[in-house]
Asks: 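This structure is in structure tokens; I'll ask about it shortly.
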Amino acid sequence: MDHRVCWPILSLVLLSQLPGCEGESRGRPIPKENLLVFTVATKETDGFKRFIRSANFFNYTVKVLGMGEDWTGGDVAQTAGGGQKVRILKEAMKPYASAKDLVILFVDSYDVIFASGPEELLKKFQQTKHSVVFSAEVFIWPNRHLEVKYPHVRDGKRFLNSGGGFHYLCCAAFCLWVNRRSGRF
């Protein structure tokens, strides 16, 4: 399993700007109050506790989703997940549908720690000049045979993963709408 040390230094895949997803604060620093951090964790593992300690140390406010629920997303050591993480996040974002200038960070919590504060993270996000940023990794999972269908990249990692995503709220709503239209998740 790929162990991520901190989100700000992950190799990132930058996606093209989506139309209409420019936040009002794009030209000036994003206030840390505009950052919503979500994670899905169904159990309080040692990794989760480390994640929370690092979040508290750097003054992040984290919304933990799914705690105490049964994990029905599959056994990642054996097979692909079933989309439970995405469904939980989609439901949690509904109350923010009309919010302005929110930036969403969705990150795993069992194998992630923060290494800087929200101000630094938001600054790095703005420096990408993209509305959506996802984490990526060097291997494709769970089916390595699909590797040939993915284009090669000059810089960074080739395959998106669900361990981290950073985006303006309007982009998240767009992505969730696309998934709903396609019948997935």
Asks: How many angstroms lie between atom CG of Asn143 and atom NZ of Lys149, to the nearest 0.5 angstrom?
Replies: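 The NZ atom of Lys149 is 9.5 Å from CG of Asn143, to the nearest 0.5 Å.
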Asks: So does Glu119 pair up with Lys32, basic N to acidic O under 4.0 Å?
Replies: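 Looking at Glu119 and Lys32, the cut-off is met.
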Asks: Please find out if less than 6.0 Å separates the ring center of Tyr150 from that of Phe159.
Replies: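 Between Phe159 and Tyr150, which both carry aromatic rings, the centre distance is below 6.0 Å.
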Asks: Specify the closest pair of heavy atoms between Thr42 and Tyr110, including all atoms of both residues, with the distance to one decimal.
Replies: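 Here Thr42 and Tyr110 meet closest at N-OH, 3.0 Å.
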Asks: Quick one, Asp108 and Phe51 - any side-chain contact, counting heavy atoms below 4.5 Å?
Replies: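 The answer is no, as the side chains (C-beta and beyond) never meet within the 4.5 Å cut-off.
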Asks: Please tell me if the side chains of Val40 and Phe106 come closer than 4.5 Å, counting only heavy atoms from C-beta onward.
Replies: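 They are in side-chain contact.
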Asks: Does Ser54 reach the main-chain N or O of Phe114 with its side chain, forming a donor-acceptor pair under 3.5 Å?
Replies: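 Pair found, side chain donor or acceptor close to backbone of Phe114.
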Asks: Between Gln84 and Asp70 (side chain of the first, backbone of the second, donor and acceptor by atom type, cut-off under 3.5 Å), is there such a pair?
Replies: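 Here the side-chain-to-backbone pair exists.
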Asks: Rounded to the nearest 0.5 Å, how far apart are OG1 of Thr72 and CD1 of Ile88?
Replies: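 Separation between the atoms: 7.0 Å.
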Asks: Do the side chain of Glu44 and the main chain of Gly68 share a donor and acceptor less than 3.5 angstrom apart?
Replies: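 Here the side-chain-to-backbone pair does not exist.
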Asks: In this structure, which one of Leu36, Val37, Leu89, Thr39 forms a side chain to side chain contact (heavy atoms under 4.5 Å, CB included) with Lys63?
Replies: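 It is Leu36; the other options fail the test.
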Asks: To the nearest 0.5 Å, what is the distance between OG (Ser135) and NZ (Lys157)?
Replies: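 Separation between the atoms: 12.0 Å.
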Asks: Does Val153 share a hydrophobic cluster with Ile140, counting links as ILVMFWY side-chain heavy atoms below 4.5 Å and allowing steps through other members?
Replies: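 No; Ile140 is not reachable from Val153 via cluster members.
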Asks: Checking Arg158 against Glu147 for the salt bridge (Lys or Arg N to Asp or Glu O under 4.0 Å) test, could you report, in this order, the C-alpha distance in whole Å, the side-chain angles of both residues, the deciding distance, and whether it holds?
Replies: CA-CA 9 Å; Arg158 187 172 166 196; Glu147 188 172 321; 3.8 Å; yes
Asks: Find out whether Ile52 and Val64 are in side-chain contact, i.e. whether some heavy atom of one side chain is under 4.5 Å from a heavy atom of the other.
Replies: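 A side-chain contact under 4.5 Å exists here.
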Asks: Nearest 0.5 Å, what's the CG-CZ distance between Leu122 and Phe125?
Replies: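 It is 8.0 Å, given to the nearest 0.5 Å.
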Asks: I'd like to know if the side chain of Asn34 reaches the main chain of Asp101, judged simply by a donor and an acceptor atom lying under 3.5 Å from each other, with no hydrogens or angles considered.
Replies: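 Between the backbone of Asp101 and the side chain of Asn34 there is a qualifying donor-acceptor contact (under 3.5 Å).
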Asks: Quick one: OG1 on Thr61 to CG on Leu35, what's the gap to the nearest 0.5 Å?
Replies: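 With rounding to 0.5 Å, OG1 (Thr61) is 8.5 Å from CG (Leu35).
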Asks: Are Arg87 and Glu91 within salt-bridge range, i.e. N to O under 4.0 Å?
Replies: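 Here Arg87 does not pair with Glu91 in a salt bridge, since their nearest N and O are not under 4.0 Å apart.
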Asks: How long is the gap from CE on Met67 to OG on Ser109, to the nearest 0.5 Å?
Replies: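 OG of Ser109 is found 7.0 Å from CE of Met67.
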Asks: Donor-acceptor check, side chain of Tyr60 to backbone of Gly117, threshold 3.5 angstrom: yes or no?
Replies: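 Between the backbone of Gly117 and the side chain of Tyr60 there is a qualifying donor-acceptor contact (under 3.5 Å).
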Asks: Report the C-alpha separation of Phe48 and Lys43 in whole Å, then their side-chain angles, then the decisive distance to 0.1 Å, and conclude whether the side-chain contact (heavy atoms from CB on, under 4.5 Å) test is met.
Replies: CA-CA 8 Å; Phe48 173 78; Lys43 294 181 182 171; over 6 Å; no
Asks: Is there side-chain contact between Phe38 and Val62, with at least one heavy-atom pair below 4.5 Å?
Replies: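 Counting from C-beta outward, Phe38 and Val62 never come under 4.5 Å.
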